[in-house]
Amino acid sequence: MLHKKVLYLGNMLSKYGKTPTSVETLGEKLSEIAIVRRYSEKKGQLARMLDFFFATIRFGPKVNFVLIDTYSTFAFYYAFFISVFLKLFRVNYIPILHGGNLPFRLERSKWMSKFLFRNAFINVAPSGYLKTSFEKAGFSVLQIPNYIDIQDYTFLQRDSVRPRILWVRSFHQIYQPDLAIQVFDRLRIYFPEAKLCMVGPDKDGSLERCKRLAADKGLQEAVHFTGRMDKKDWIALSREFDIFLNTTSVDNTPVSVMEAMALGMIVVTTKVGGIPWLFENERHGFMVDMPFEEEIINKLLTILDQKNNYSNISSQARKKAEEWGWGIISGQWAALFNS
């Protein structure tokens, strides 16, 4: 029987072609352990803000907790103004911390951050990176990792590794999709048969820029852009690829990397933000420091020289990913709601 009542505020924009966010994915799963209302599907920023306030006025006093997806971008101000409102109504609220740039927001908006995060019932961080950063700033933080439905990810052990690379992310400059193409262009010198597949929707025009870059380098036949794909479809597609490349410049706990590990792919990622807290380098996958292009190409060449067997990396990645299964993570949320 569900007893706790929760209002969850965040951007629910997947029906407009955007990548599903935490309020949509986590919010749906939380409905298994609590009565959850979610807002907002309004497309415009002002309309969404008003929707948040109306939901807070109507349901805030009637729930046990209000969860607020909290980012370093403009959405930070949503979270701040809502927290003022909730403090006024004496409602317990929990900011859920997202994004590798959020620690910098603590410096840029000190007094707002102090109000928002110190008045919270608790702050929830999905990564050790954000937990450490916020605790250093004097805020109370509970770490609850992102979850994956582990049963949806059929494990395929990569005993030998082919030069077939998968990239899954929204096309935005902070994720450096052009870096994937630059690296792949150099890799083709050594492996002319190499293939790169890039999956994800466009967010800032980066998709068209990447298509032009691939065309300029004569890679039209070797690089495939799928646009946005449903999760089950790109999971099925992943069986054709062995290496998962993550080129981001800023990050927290990228779910796509967690998913790739669950699938048994060999992960090569930039070492930024919360990624060093996500898995153990050289055991569950590989991280590279700057200069990223040089380090990534060197790591790919090392992996593809076939002198080492990477089946253990593949299986260890899967074992690590099983720690993020909903069966485990749901218990942590239930304990929080019942505290």
Parallel, tilted or perpendicular, as decided by the 30° and 60° cut-offs, for the rings of Tyr129 and Trp277: tilted
task: Supply the atom-to-atom distance Thr56 OG1 to Ile82 CD1, rounded to the nearest 0.5 angstrom.
output: 5.0 Å
message: Can you tell me how the ring of Phe85 sits relative to the ring of Phe53, calling it parallel under 30°, perpendicular over 60° and tilted otherwise?
response: perpendicular
query: Do Lys195 and Glu240 sit within salt-bridge range, that is, some charged N less than 4.0 Å from a carboxylate O?
result: no
query: In terms of the angle between their ring planes, are Phe244 and Trp234 parallel, tilted or perpendicular, with boundaries placed at 30° and 60°?
result: tilted
message: Does the plane of the ring in Phe337 sit parallel, tilted or perpendicular to the ring in Trp333? Use 30° and 60° as the thresholds.
response: tilted
field: Carboxylate-amine/guanidinium proximity below 4.0 Å for Lys211 and Asp202
entry: no
statement: All heavy atoms of Tyr175 vs all of Val250, minimum pair found to be CE2-O, 4.2 Å
- prompt: For the residue pair Phe115 and Phe80, does the interplanar ring angle fall in the parallel (under 30°), tilted (30 to 60°) or perpendicular (over 60°) class?
  reply: perpendicular
field: Test item: Phe76 and Ser113 side chains (from C-beta on) under 4.5 Å apart, heavy atoms
entry: yes
query: Minimum heavy-atom separation for Pro95 to Ala120, with atom names?
result: CD-CB, 3.4 Å
message: Does this structure show an ion pair linking Glu295 with Lys271, if we count only N-O contacts that are shorter than 4.0 Å?
response: no
task: Go through the side-chain N and O atoms of Ser206 and Arg209 and say whether any donor and acceptor fall under 3.5 Å apart.
output: yes
message: Checking Lys42 against Asp51 for the salt bridge (charged side-chain N to carboxylate O under 4.0 Å, His left out) test, could you report, in this order, the C-alpha distance in whole Å, the side-chain angles of both residues, the deciding distance, and whether it holds?
response: CA-CA 7 Å; Lys42 302 293 185 182; Asp51 210 26; 5.2 Å; no
